[in-house]
Amino acid sequence: MYSLTIEQRLSELIPNRQEPLFQAARYSLLAPGKRLRPKLVLETAISLGGTLEAAIDPASAIEMIHTYSLIHDDLPCMDDDDLRRGLPSLHKVFGEGMALLAGDYLLTYSFEVLSSAPFLTLEQRIDLIQTLSRRAGSFGMIGGQAIDIASEGKLIDEVLLEKMHVGKTAELLSACLEFGAIVAGADGERRVLSEIGKEIGLAYQILDDILDATSTTGHLGKQVGADAARGKPTAVSLYGLEGAQDKLESLKSRAFQKLEPFPVSLKELLKKLLQRNK
Ligand code: IPE
Ligand code: IPE
Ligand code: MG
Ligand code: MG
Ligand code: MG
């Protein structure tokens, strides 16, 4: 659901110009990602009474931030991964410098998109900008990625692993649910949605770690076994495969209890997200 709208809007937002910067941004942004984050924004907004027209640009802005994080995550100075979304990583095709800049462009541009998102009040736009900049910033995604890089080859404890997972993945997923609440003007639901988003996001990263250890490269469209090869602390390296699966199940049941009062369509989407095998 909503897939076509999301693909169309992403393609409209990045001009199809010849310069390598635009072609590089389009290469990564329009590659076949699962689009879970924009789908979550749209589903949350609409299930709380908001409109697709108002939610689509905020949803696209989050996918831009997510894609920039993947481009940078794959660079040789970070995870050094050559495959992403079933295609060679951006730096393998356009070079490291252009990949760095295409990521910077998507990051910067996402805030321009939010600042001029139609069908929203100025207050809503500022709220979106503040929410995303915090969730993607030093106490959110960048903070999590910094712990990840600093922890390579080290043994870290459960507390730091959770801080890393919440930072690098859960904060942005939680921002998707908050975005939906902001677009719909659903202030009363915002806090609980944000908490649910954190739990689901943490579960999502644990599942990502499990898939890295159990799936295949062809199926995932990214190199499996990469975490162990780089000596990364993960849910699997710390708890073992069964322990990680138990952790995932308990997070899921906690989040779904809180989701009880919300519409079935939102629950179904979140369930699907955690049943992913790619
Ligand atoms: C990958 O995210 C990185 C994580 C934060 C786990 P996704 O698994 O959602 O990647 P795409 O968007 O479908 O490529
Ligand atoms: C990535 O985590 C999180 C962000 C990009 C913010 P991973 O490094 O585990 O993601 P994959 O496995 O490369 O997709
Ligand atoms: Mg990484
Ligand atoms: Mg990675
Ligand atoms: Mg991973």
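Numbers here simply count residues along the sequence, with the first being 1. As the structure is a computational prediction, the values presented were derived from the model and not from experiment. Side-chain atoms are counted along with the backbone in the values below, which use heavy atoms only and exclude waters and symmetry mates. When a ligand or atom number is given, it counts from 1 through the structure's own listing order.
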With side chains defined as the heavy atoms from C-beta onward, is the minimum distance between Phe179 and Leu40 less than 4.5 Å? no
Side chain proximity check, His165 to Asp209, heavy atoms < 4.5 angstrom: yes
Please enumerate all residues that pass side chain to side chain donor-acceptor pair (under 3.5 Å) together with Arg17, with sequence neighbours excluded. Glu19
Set out, in order, the CA-CA distance, both residues' side-chain angles and the distance that settles salt bridge (Lys or Arg N to Asp or Glu O under 4.0 Å) for Arg134 and Glu171, then state yes or no. CA-CA 9 Å; Arg134 283 191 178 145; Glu171 293 283 359; over 6 Å; no
Determine which of the N, O or S atoms in Asp73 is closest to the Mg ion (ligand 3) and give its atom name. OD1
Atoms of type N, O or S from protein under 2.8 Å of the Mg ion (ligand 5), total 1
List ligand 2's nitrogen or oxygen atoms that come under 3.5 Å of a protein nitrogen or oxygen, with the partner atom and distance.
unit_1, atom_1, unit_2, atom_2, d
ligand 2, 2 (O), Lys168, NZ, 3.4
ligand 2, 8 (O), Asp73, OD1, 3.2
ligand 2, 8 (O), Asp73, OD2, 3.0
ligand 2, 8 (O), Asp79, OD2, 2.8
ligand 2, 9 (O), Gln205, NE2, 3.4
ligand 2, 9 (O), Asp208, OD2, 3.2
ligand 2, 12 (O), Asp208, OD2, 3.2
ligand 2, 12 (O), Lys222, NZ, 3.0
ligand 2, 13 (O), Asp73, OD2, 3.0
ligand 2, 13 (O), Arg84, NH2, 2.8
ligand 2, 14 (O), Arg84, NH1, 2.8
ligand 2, 14 (O), Arg84, NH2, 3.2
ligand 2, 14 (O), Lys222, NZ, 2.6

Honestly, is Arg276 close enough over Tyr204, meaning NZ or CZ under 6.0 Å from the six-membered ring centre and within 45° of the axis? yes
Does anything in residues 41-71 pair up under ring-ring contact (aromatic ring centres under 6.0 Å, His included), and if so which pairs, sequence neighbours excluded? Tyr68-His72
When you look at CZ of Arg191, are more than 12 heavy atoms from neighbouring residues, nucleotides or ligands closer to it than 6.0 Å? no
Working to the nearest 0.5 angstrom, can you tell me the gap between Gln145 CD and Asp73 CG? 5.0 Å
Tell me whether Arg9 is salt-bridged to Glu12, with the criterion being a basic N under 4.0 Å from an acidic carboxylate O. yes
Check ion pair Lys222-Asp81 (N to O, under 4.0 angstrom): no
